Chemist: 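Quick one: the structure is below, questions incoming.
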Amino acid sequence: MSAILLSKGPVVTPSAIQKNGPHYLRHVSKKQFMNAATKLHQMNLGILVNLTSAVFVKKTPAEAKLMEEHYKDLCTMDQYIDRYFQPLPRIISSFLREKLVAMGLMEKMLY
């Protein structure tokens, strides 16, 4: 679950972790991603959306701050903020970015 929270940007997909995540996490399967993303969704740390593939949209740092008790064992607030505002990996397609903006799940300025 920490791989999702510590991924670059506010949006995470299985392929983004496989391509841009730490080397020891690049073997994560889609099923493992879905299990972790579902748990994070249940903890109210983001939204799990199924578009062209599974997509996890992280809560904004302000929203996540309110939920810090739930994820303090996974990452620090400083780590979360730092990663949230990093540019999205190129593997997150422009189609997916525009779709998330249109759905109101992501701000255009974040990419």
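Owing to the predicted nature of the structure, the values given are computational and were not obtained by experimental measurement.
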Chemist: In Å, rounded to the nearest 0.5 Å, how long is the span from OG of S29 to CE of M34?
Modeler: 11.0 Å

Chemist: Where is the tightest heavy-atom contact between L88 and M106, given as atom of each residue plus distance?
Modeler: CD1-CE, 3.9 Å

Chemist: Under the side-chain contact (heavy atoms from CB on, under 4.5 Å) criterion, do L96 and T13 qualify, and how do the steps go?
Modeler: CA-CA 10 Å; L96 182 54; T13 63; 4.0 Å; yes

Chemist: How far apart are the closest heavy atoms of F33 and P14, and which atoms are they?
Modeler: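 Closest pair (atom of F33, atom of P14, distance): CD2-CG, 3.4 Å.
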
Chemist: Looking at every heavy atom in both T38 and L48, which two are closest together, and how far apart are they?
Modeler: OG1-CD2, 3.5 Å

Chemist: Quick one: closest heavy-atom pair of N20 and P89, and the distance?
Modeler: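 Answer, listing the atom of N20 first, then P89: ND2-CB, 2.9 Å.
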
Chemist: With hydrophobic residues grouped by side-chain heavy-atom distances under 4.5 Å, do L45 and L6 end up in a single group?
Modeler: no

Chemist: Applying side-chain contact (heavy atoms from CB on, under 4.5 Å) between P61 and each of I81, D78, D82, report the one that passes.
Modeler: I81

Chemist: Roughly how far, to the nearest 0.5 Å, is CD of Q32 from NE2 of H27?
Modeler: 6.0 Å

Chemist: Do L5 and R83 make a side-chain contact, defined as non-hydrogen atoms from C-beta onward lying under 4.5 Å apart?
Modeler: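 Answer no - side chains too far apart.
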
Chemist: Looking at every heavy atom in both A36 and I4, which two are closest together, and how far apart are they?
Modeler: CB-CD1, 3.8 Å

Chemist: State which residues pass salt bridge (Lys or Arg N to Asp or Glu O under 4.0 Å) with K65; sequence neighbours excluded, sorted by chain then number.
Modeler: E68

Chemist: K58 side chain to S7 main-chain N or O, any donor-acceptor pair under 3.5 Å?
Modeler: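 Yes, the answer is positive, given that a donor and an acceptor are paired below the 3.5 Å cut-off.
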
Chemist: I need the minimum non-hydrogen distance between L74 and S2, along with the two atoms involved.
Modeler: O-CB, 3.4 Å

Chemist: Assess the residue pair M103 and V49 against the criterion (side-chain contact (heavy atoms from CB on, under 4.5 Å)); give the C-alpha distance rounded to whole Å, side-chain angles, the decisive distance to 0.1 Å, and a yes or no.
Modeler: CA-CA 10 Å; M103 294 172 72; V49 183; 4.1 Å; yes

